[in-house]
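Have a look at the structure below before the remarks.
Predicted, not measured: the structure shown is a model, and the values here were computed from it. Here is the naming used below: chain letters follow the sequence lines, and residue numbers restart at 1 for every chain.
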2 protein chains.
Amino acid sequence: MGGDETATSKAPRTERGKRTLRKLLDAAAAEFGERGYHEASISGITQRAGAALGTFYTYFDSKEQVFRALVDDMGHLTRQHIAERVPGNVDRLTAERLGLEAFIEFVREHKDLYRIVMEAQFVAEDAYLNYYKVFAAAYTRNLAQAAEKGEIRPGHEEERAWALIGMSVFLGMRYAVWSSDKPAKEVAAAAAELITFGLSPLARGGGGN
Amino acid sequence: MGGDETATSKAPRTERGKRTLRKLLDAAAAEFGERGYHEASISGITQRAGAALGTFYTYFDSKEQVFRALVDDMGHLTRQHIAERVPGNVDRLTAERLGLEAFIEFVREHKDLYRIVMEAQFVAEDAYLNYYKVFAAAYTRNLAQAAEKGEIRPGHEEERAWALIGMSVFLGMRYAVWSSDKPAKEVAAAAAELITFGLSPLARGGGGN
DNA sequence: CTGTAACTTGAATATTGACTCAGGTTTCGA
DNA sequence: TCGAAACCTGAGTCAATATTCAAGTTACAG
């Protein structure tokens with residue numbers, strides 16, 4: 001559970017090596033993102049990176065291993081990006097809105113990597129599971145804390161966490177991966193309103209009957 | 001948009017042929033469901049079906065074609081199952097709860113096929129897109145109608161539709177595909193409560209401040 | 001019964017692409 | 001400057017498997 005690099009005896013030892021590794025990682029992200037895991041080829045990756053085929057195996061043990069590395073990377077990047085955009089001291093409902101907004105923007109800027117995360121479900125299921133379990137656990141905790149403070153109604157934290165993650169993921173897929181037609185702010189606002197008040201006509205100053 | 005079989009000159013013409021086709025479809029669902037598209041092999045399918053390798057190509061043009069056939073099939077089955085469990089005359093919020101409940105149950109009974117739908121995103125993106133677009137369109141329409149009747153607050157129907165689908169999908173994944181620990185009813189109830197009232201502590205008779 | 005269309009069979013073909021390896025080239029500390 | 005460690009190269013190996021096909025077998029209309 002630490003933060004090791006995926007342990008290999010393959011870490012680069014010189015500047016040149018570091019540069020090459022980085023080129024390969026970027027190339028792999030592009031190749032996997034564009035063509036999907038199985039269509040992607042190692043030779044495609046090395047061509048993009050401007051390296052020879054064999055060089056790949058200087059830094060990675062297998063095709064699957066790079067893929068996993070990219071999934072883990074994406075987890076860190078996502079959490080980091082969201083954390084940066086969501087101040088620690090706002091209430092939960094505001095945090096939800098800002099978080100979703102940040103998430104959609106992030107996906108838009110990293111479509112390739114995001115596609116990789118989604119495909120991980122079928123290529124490296126445990127990495128995928130882990131990716132979302134970490135999110136779900138954090139989410140569940142945040143909801144429970146917010147409930148204690150009276151910022152939200154308590155109960156069903158786990159189910160809510162998964163439901164909210166599902167919302168984010170699908171809104172991300174629809175409004176970031178497939179099309180960026182609507183501003184992230186707008187989509188996030190609509191979702192936040194749903195999350196906050198639900199669909200009930202009685203909510204808010206809601207009228208009669 | 002009709003209900004054609006996936007047009008082939010390959011439809012069976014005798015009873016024996018029909019039986020074989022069915023065996024192959026069932027075997028394909030199992031093989032793809034268990035091993036995923038790329039790990040699955042035609043010979044695996046024909047072995048499960050108790051048929052010779054070449055027989056497969058009597059009924060299908062390619063591996064991808066069976067896969068697509070299964071995705072389409074799943075769309076029909078899902079909609080049908082949900083429609084059966086959700087009476088036409090209940091209000092929207094009740095329909096949401098019953099629909100989600102039916103969906104989770106359905107996924108539990110068809111894990112294989114459901115996995116196939118999810119994987120379609122990477123194998124047959126257009127089939128996948130179509131699967132969800134049909135859902136989203138129907139959903140958007142239902143929400144708009146409910147809004148007109150005053151059953152829910154109006155606005156943002158499309159975003160809401162995708163958000164709600166995302167909820168269902170992730171709850172299905174977590175509580176049906178990955179584990180069936182909690183009863184579908186319970187999960188559906190928790191989600192329905194979220195959808196209806198949101199997280200706001202002010203909703204319902206909800207207390208002060 | 002009989003002929004033929006429908007169906008079945010599984011060995012053979014063809015392609016693809018992950019991974020290896022033996023032989024260079026570059027880097028960098030001493 | 002020198003040499004060993006690090007790094008790079010890309011042709012070749014090898015296994016996997018989607019798809020084809022020519023030779024049977026079965027169903028069934030007439």
Side-chain angles (χ1 to χ4, degrees), chain A residues 5-32 34-70 116 119 122-124, chain B residues 5-32 34-70 116 119 122-124:
Chain A
E5 329 294 291
T6 311
T8 334
S9 58
K10 304 214 168 187
R13 238 147 273 194
T14 67
E15 271 312 310
R16 180 169 57 142
K18 274 183 195 161
R19 276 197 309 270
T20 305
L21 173 56
R22 174 109 307 272
K23 278 197 297 181
L24 284 171
L25 278 169
D26 291 345
E31 175 83 359
F32 283 130
E34 273 177 34
R35 322 222 305 155
Y37 183 79
H38 291 279
E39 289 291 306
S41 70
I42 306 297
S43 83
I45 292 173
T46 52
Q47 269 169 15
R48 283 175 200 255
L53 183 51
T55 300
F56 178 88
Y57 292 92
T58 306
Y59 297 105
F60 304 102
D61 291 325
S62 68
K63 186 178 179 182
E64 195 177 315
Q65 197 209 321
V66 221
F67 190 82
R68 285 171 182 278
L70 291 171
I116 289 169
E119 191 167 13
F122 305 99
V123 173
Chain B
E5 328 295 295
T6 311
T8 335
S9 58
K10 304 214 168 187
R13 238 146 273 195
T14 66
E15 270 313 311
R16 180 168 58 142
K18 272 183 199 161
R19 276 198 309 270
T20 305
L21 173 57
R22 175 110 305 272
K23 278 196 298 178
L24 284 171
L25 279 169
D26 292 344
E31 176 81 0
F32 283 131
E34 274 177 34
R35 321 222 306 154
Y37 183 79
H38 291 278
E39 289 291 305
S41 71
I42 307 298
S43 83
I45 293 173
T46 51
Q47 268 169 15
R48 281 174 200 257
L53 185 51
T55 300
F56 178 89
Y57 291 92
T58 307
Y59 297 103
F60 304 102
D61 291 325
S62 68
K63 187 179 178 181
E64 193 176 319
Q65 198 209 318
V66 221
F67 191 82
R68 286 172 182 276
L70 291 171
I116 290 169
E119 191 166 13
F122 305 98
V123 173

**Under the ring pair (Phe, Tyr, Trp, His ring centres under 6.0 Å) test, residues paired with A:F122 that sit two or more places apart** =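 For A:F122 there are no ring pair (Phe, Tyr, Trp, His ring centres under 6.0 Å) partners, ignoring immediate neighbours.
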
**Message:** Under 4.0 Å, heavy atom to any atom of DNA chain C: which of residues 39-46 of chain B qualify?
**Reply:**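 Those residues whose heavy atoms fall under 4.0 Å from DNA chain C, taken from residues 39-46 of chain B, amount to none.
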
**Asked** Can you tell me if the side-chain N/O atoms of A:T20 get under 4.0 Å from OP1 or OP2 in D:dC8?
**Response**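 Checking D:dC8 against A:T20, a side-chain N or O does come within under 4.0 Å of OP1 or OP2.
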
In this structure, how many angstroms lie between the [atom2] atom of [N] and the [atom1] atom of [X], rounded?
| X | N | atom1 | atom2 | value |
| --- | --- | --- | --- | --- |
| B:H38 | C:dG17 | NE2 | P | 11 Å |
| B:K63 | C:dT15 | NZ | C1' | 14 Å |
| A:L24 | D:dT9 | CG | P | 10 Å |
| A:F67 | C:dA18 | CZ | P | 14 Å |
| A:K23 | D:dC7 | NZ | P | 14 Å |
| B:L53 | D:dA16 | CG | C1' | 13 Å |
| B:Q47 | C:dG10 | CD | P | 11 Å |
| A:Y37 | C:dA18 | OH | C1' | 9 Å |

Any heavy-atom pair between the side chains of [Y] and [X] that's under 4.5 Å?
| X | Y | value |
| --- | --- | --- |
| B:Q47 | B:S41 | no |
| A:F56 | A:V66 | yes |
| B:Q65 | B:K10 | no |
| B:I42 | B:F60 | no |

**Message:** Here's a test of your reading of the structure: between B:F56 and A:K18, which maps to the more 5' nucleotide of DNA chain D?
**Reply:**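 Its nearest nucleotide being more 5', the pick is A:K18.
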
Please output the side-chain donor-acceptor pairs of residues 19-27 of chain A that fall under 3.5 Å, not counting sequence neighbours, one pair per line with the distance.
{"residue": "A:T20", "atom": "OG1", "partner": "A:R16", "partner atom": "O", "Å": "3.0"}
{"residue": "A:R22", "atom": "NH1", "partner": "A:D26", "partner atom": "OD1", "Å": "2.8"}

**Request:** With sequence neighbours excluded, tell me which residues meet salt bridge (charged side-chain N to carboxylate O under 4.0 Å, His left out) with A:E39.
**Result:**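 Listed in chain order: nothing, the list is empty.
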
**Request:** Please list, chain by chain and in numerical order, all residues satisfying side chain to side chain donor-acceptor pair (under 3.5 Å) with B:E64, sequence neighbours excluded.
**Result:**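 Testing B:E64 for side chain to side chain donor-acceptor pair (under 3.5 Å), a comparison that skips the adjacent residues, returns B:R68.
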
**Request:** Using a 4.0 Å heavy-atom cut-off, write out nucleotides 21-30 of chain C from 5' to 3' as B (base contacted by protein), S (sugar-phosphate only) or - (no contact).
**Result:** -----BSS--

**Message:** I want to check a possible cation-pi pair here: B:K63 against B:Y37, using under 6.0 Å from ring centre and within 45° of the ring axis as the test.
**Reply:**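 Flagged: B:K63 positioned over aromatic ring of B:Y37.
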
